[in-house]
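Below is one structure, written out as structure tokens; the observations come after it.
Values reported hereafter were calculated over all heavy atoms of this structure, with side chains retained and with hydrogens, waters and symmetry mates removed.
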Amino acid sequence: MAGPYARGVDNLPQPRTAAFFDLDKTVIAKSSAVTFSRSFYQGGLINRRAVLRTAYAQFLYLLGGADHEQTERMREYLSALCRGWNVQQVREIVAEALHQVIDPIIYDEAASLIERHHAAGRDVVIVSTSGSEVVEPIGELLGADRVVATRMVEADGCYTGEVEYYAYGPTKAEAIAELAASEGYDLERCYAYSDSVTDLPMLQTVGHPHAVNPDRALRKEAASRDWPVLTFERPVRLRQRVPSLGMPSRPALVATAAVAAATAGGLVWWYANRRRGAGRVLT
């Protein structure tokens, strides 16, 4: 184009964007940790009594979740619980159970939203307090580009009981900020989704936060901040939803679940302590 109105056009690249998803009760309908309780029982990691208590703990979790103090106490418990566990044994348990227990509880609404973000050119990042051993295969199943998850320390083929990185609360927001710096994400144009008020720092990090199936505290925060509130309620098998969708390869499924198993035990412990606390109040 020539003439007095001609202008030079700078063909500058647009900033990259991403959508950050919490996992439990946001992308899947249950706690990823507790969902494996039967498999852990069959593999000898927890006993029958623990399975029953875990089932009830799952019920309580679905009703109201766990607050910050309870979650921190569960972290301490899971660190002690997994100490000495054989890594290979846990890998085999998860490899056998992952697609069977996780695929049926993925929210159809979440899967559709992930597809829409990808279609819009955004990366999809799963950000979960559950262990990377479980979150990474689930992320691959969903087609996520990256995951942020809790990591446990290994030594001589066993878990030491130490937590290398705990993806919870403010640390999720810090991880997102680090990803934005390394990947060039424009956080003001990014999206985030969670069900829990403990993820408030993560939601505040982006320009487009959303509360999904929110607990009472997050629902109150969302209302005061005028954030959208979404309701996901249709779990569906991905292969039924998209028949051409392939499952992850077996090597991808052979990822360990120590943190998830330990968190399941932590919920059992939380429930037991909750009952004891209730007893003290009533007496």
Side-chain angles (χ1 to χ4, degrees), residues 19-43 45-46 51 54-55 57-59 61-62 65 88-119 123-150 167 193-196 212-213 230-265 267:
F20 302 94
F21 287 82
D22 178 43
L23 183 60
D24 297 351
K25 295 176 66 179
T26 303
V27 174
I28 63 176
K30 300 180 181 179
S31 161
S32 55
V34 176
T35 300
F36 282 94
S37 61
R38 182 173 297 276
S39 300
F40 299 148
Y41 166 69
Q42 293 171 344
L45 293 179
I46 58 178
V51 172
T54 301
Q58 169 69 23
F59 172 72
Y61 173 76
L62 290 174
Q88 184 59 34
Q89 179 191 8
V90 181
R91 286 177 176 169
E92 292 172 355
I93 291 173
V94 175
E96 292 297 327
L98 183 66
H99 74 276
Q100 179 181 357
V101 301
I102 295 297
D103 187 35
I105 62 173
I106 295 171
Y107 282 121
D108 184 34
E109 298 93 337
S112 295
L113 192 55
I114 287 171
E115 291 172 354
R116 292 200 296 273
H117 279 300
H118 271 149
D123 286 352
V124 170
V125 184
I126 304 297
V127 187
S128 175
T129 305
S130 294
S132 60
E133 304 86 351
V134 165
V135 180
E136 288 175 2
I138 294 175
E140 181 172 344
L141 180 67
L142 293 164
D145 300 282
R146 292 170 181 79
V147 302
V148 174
T150 296
Y193 303 86
S194 178
D195 71 290
S196 174
V212 178
N213 299 338
L230 307 179
T231 301
F232 293 172
E233 55 187 4
R234 298 194 306 272
V236 64
R237 284 185 178 273
L238 287 185
R239 282 198 286 189
Q240 291 177 351
R241 182 177 179 276
V242 184
S244 61
L245 184 68
M247 294 296 291
S249 61
R250 184 171 182 79
L253 292 178
V254 180
T256 60
V259 176
T263 306
L267 285 172

Interatomic distance, [X] atom [atom1] to [Y] atom [atom2] [nearest 0.5 angstrom]:
X	Y	atom1	atom2	result
F20	D123	CZ	CG	8.5 Å
I102	I28	CD1	CD1	4.5 Å
L113	D108	CG	CG	11.0 Å
I114	D145	CD1	CG	10.0 Å
I105	K25	CD1	NZ	12.5 Å
D195	L230	CG	CG	12.0 Å

Search all heavy atoms of [X] against all heavy atoms of [Y] and return the closest pair with its distance.
X	Y	value
L142	V27	CD1-CG1, 3.5 Å
Q100	R237	O-NH2, 4.4 Å
Y107	T26	CD1-O, 3.6 Å
E109	E233	OE2-N, 3.0 Å
A167	A149	CB-C, 3.8 Å

**Message:** Determine whether L141 and H99 satisfy the following criterion, side chain to side chain contact (heavy atoms under 4.5 Å, CB included), listing intermediate values before the conclusion.
**Reply:** CA-CA 9 Å; L141 180 67; H99 74 276; 5.9 Å; no
**Aromatic plane relationship, H117 with F21 - under 30° parallel, 30 to 60° tilted, over 60° perpendicular** =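 Judged by the thresholds at 30° and 60°, the geometry between F21 and H117 is perpendicular.
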**Asked** Any side-chain heavy atom of I138 within less than 4.5 Å of one from I126?
**Response**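 Contact flag for I138/I126 side chains = no.
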